[in-house]
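Take a look at the structure below.
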Amino acid sequence: MGLENNSLQDGPVFETLLKLIVPSFITVVVSSSYSIVDGIFIGRKYGIAGNSTFSYIFILYSLVFSIACLICQGAPSLLAIKMGENDVDGAEKILGSSICSSVIIAMIQAILVYAGLKPMIKILGCSEMYTGYIMQYFQVFLLLAPIYFVNHTLLYCLRSQGIIKLIFICNIGACLINVILDPVFIIVLNGGFRGAAFATILANFSSMLFCIWCYTSGKAGLKIKVKYIRPDWKSTIDMFAIGGASFLTNLLYTIILVYYNKMAKFYGSTYGLAALSINSTIYKYLTVIMNAITVGMQPVICYNYGGKMYNRVLEALKDSIIIGLVISTACYAVVLMFANQIVGLFNSERDFIVFGGRSLRLVLLCLPLQVFYTIGVAFFQFIGKGKIATRFVLLRQVVFQMPIAFLLTSKIGVKGLWHSFWISDLLSFVILALFLFYEVSRYQKRSISSTT
């Protein structure tokens, strides 16, 4: 069972957050490793060519994930708010509607992405030697996309309820399946990129079945009711409004990767492109696992916001930032010391390992500030201010990162790409911190007035 409502309402905030964040962090570390595991085995089988190809696959994979975020990031917030209002029936309606919406959106995006796959590959500037590999991967992945979408939606909904033990079991099991199947499908059966896609989807399928069992057996508190698995356009629009910031974040990240791929190939040749693939994978992996902090703070903030307990909302925000800074600083320390060894997992060429290690340290230089930014944007999402969150996403990705990358690469070549990551992290942090301070001061006044 998840945390009881009185724990979210009355329990010590820091202790409640730790109970949610620590297990979530562990499970997200595991569950988000799919692309890294795929990249390692692909790199081992195909070398630099495999690393370079995976940079293009990662772009298109990010596009699919960004679309999935509309539901899997929006539905949990609505569900948690309904639970905070003690509206169980309303929460179950959200759950059923999110499943239906996930299937519909998955089918629509699969058709559109597959129809435009070859043109998109050309836009990416991918050479013909990589095109066949990319097609092989997405022929499998897009065909089975509804599994991927529904799994992420149900998994995120379970997280929003604070059902940590079951999520831990689910993610560990799915990751083990992926780790076992990757070398079997990719290397032993010589399935290559199709094998990598099959392994990823089968791991998602096992996770989806487990989530369905949680909701049908009563383990999750809520029930999946067949009568609610139908289109509910109002709920879907509300999900889109909340998940829009995450969608836009990932979509813009995908667009930036397209631009970065072209710059890396132009200024850094095969080394630059392969390093970008690894750097992007690690950067995305670390930012995603840092989202475990936002996963942990979501039920606390949404539940108490729904109950108008603003003092607990602000305390949860403060404690989440502290926890995030501690974890992210520790993660960067590991990268700083072992960057070469991390790159070496993907490729064994000595000169490339040195090149990739230097670039990885630069890319992640401001990781702790990036985590503060992520928590701040998530806070605005969780209190229903999706438009503000979206503006900050645009600020970082469009206003800062792309122009900085363009200016720096024209001056210092491929190193400009690596510097653009940490500079945009720093600038975004400064501006968000100012806005967050203003928002916190407003809710502090509300909190004081509600107690007098």
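None of the values given here were measured: they were computed from a predicted structure.
By the 4.5 Å heavy-atom criterion applied to side chains, Ile404 and Gln401 are not counted as neighbours. Looking at Met263 and Val414, their side chains never come closer than 4.5 Å, going by heavy atoms from C-beta outward. Two residues are said to be in side-chain contact when any heavy atoms from C-beta on lie closer than 4.5 Å; Leu142 and Val64 meet this criterion. Between Leu60 and Leu117 the shortest side-chain heavy-atom distance falls below 4.5 Å. Residues Val335 and Leu286 form a side-chain contact, since some pair of their non-hydrogen atoms from C-beta on lies under 4.5 Å apart. Within the 4.5 Å cutoff, the side chain of Leu70 has no heavy atoms near those of the Met239 side chain. In this structure the side chain of Ile431 reaches within 4.5 angstrom of the side chain of Phe400, judged on heavy atoms. Inter-residue side-chain proximity for Cys72 and Phe149 is flagged as unmet; no heavy-atom pair is nearer than 4.5 Å.
Between Phe210 and Trp213, the ring planes are tilted. Angles from 30° to 60° get that label.
Closest of all the heavy-atom pairs between Leu181 and Ala199 is CB-CB, 3.8 Å. What you find for Gly356 and Ser359 is that their closest heavy atoms are O-OG, 2.8 Å. In terms of heavy atoms, Leu367 sits closest to Cys331 at CD2-CB, 4.1 Å. Counting all heavy atoms, side chain and backbone alike, Gly272 lies closest to Trp418 at O-CH2, 3.9 Å. Nearest heavy atoms, Ala203 versus Ile177: CA-CG2, 4.1 Å. Shortest non-hydrogen contact noted between Leu276 and Ala264 is CD2-CB, 3.9 Å.
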Task: Stepwise side-chain contact (heavy atoms from CB on, under 4.5 Å) check, Leu166 with Leu158 - done: CA-CA 9 Å; Leu166 292 177; Leu158 282 175; 5.6 Å; no
Task: CA sep, side-chain torsions, deciding dist, call: Phe435, Tyr438, side-chain contact (heavy atoms from CB on, under 4.5 Å) - done: CA-CA 5 Å; Phe435 273 81; Tyr438 172 75; 5.7 Å; no
- [ ] Decide yes or no on side chain to side chain donor-acceptor pair (under 3.5 Å) for Tyr260 and Ser420, but give the supporting numbers first.
- [x] CA-CA 10 Å; Tyr260 273 40; Ser420 68; 2.3 Å; yes
Task: Pair His419-Val363, side-chain contact (heavy atoms from CB on, under 4.5 Å): steps then yes or no - done: CA-CA 6 Å; His419 285 290; Val363 165; over 6 Å; no
- [ ] Give the intermediate values and the outcome of side chain to side chain donor-acceptor pair (under 3.5 Å) for residues Ser102 and Thr153.
- [x] CA-CA 7 Å; Ser102 294; Thr153 296; 2.7 Å; yes
Task: Stepwise ring-ring contact (aromatic ring centres under 6.0 Å, His included) test for Phe205 and Tyr148 - done: CA-CA 7 Å; Phe205 183 65; Tyr148 179 86; over 10 Å; no
TODO: Report the C-alpha separation of Leu317 and Leu436 in whole Å, then their side-chain angles, then the decisive distance to 0.1 Å, and conclude whether the side-chain contact (heavy atoms from CB on, under 4.5 Å) test is met.
DONE: CA-CA 10 Å; Leu317 173 63; Leu436 197 59; 4.2 Å; yes
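In this structure, the side chain of Asn204 engages the main chain of Thr200 through a donor-acceptor pair within 3.5 Å. No donor-acceptor pair closer than 3.5 Å links the side chain of Glu92 to the backbone N or O of Asp89. Checking side-chain atoms of Tyr332 against main-chain N and O of Arg361 turns up a donor-acceptor pair under 3.5 Å. A donor-acceptor distance shorter than 3.5 angstrom exists from the side chain of Ser328 to the backbone of Leu325, with no hydrogens or angles considered. Using modelled atom types, one side-chain atom of Ser101 and one backbone atom of Ser97 make a donor-acceptor pair closer than 3.5 Å.
Separation of atoms CG (Leu79) and OG (Ser98) is listed at 7.5 Å; rounding is to 0.5 Å. With rounding to the nearest 0.5 angstrom, the CG atom of Leu155 is 9.5 Å from the SG atom of Cys214. Note that CG of Leu365 is 9.5 Å distant from CD1 of Ile423, once rounded to the nearest 0.5 Å. Taking CZ from Phe355 and CD1 from Ile278, the interatomic distance works out to 10.5 Å, rounded to the nearest 0.5 Å. Residue Leu154 holds its CG atom at 5.0 Å from CD1 of Ile224, rounded to the nearest 0.5 Å. Distance check, rounded to the nearest 0.5 Å: CD1 of Ile375 to CZ of Phe380 gives 13.0 Å.
Between Phe429 and Tyr373, a ring centre-to-centre spacing not shorter than 6.0 Å is recorded. In summary, the aromatic rings of Tyr283 and Phe421 are positioned with their centroids under 6.0 Å apart.
Residue Tyr114 qualifies as open at atom OH: its count of foreign heavy atoms under 6.0 Å is 12 or below. The environment of CE in Met337 is crowded: more than 12 heavy-atom neighbours from other residues, nucleotides or ligands sit within 6.0 Å.
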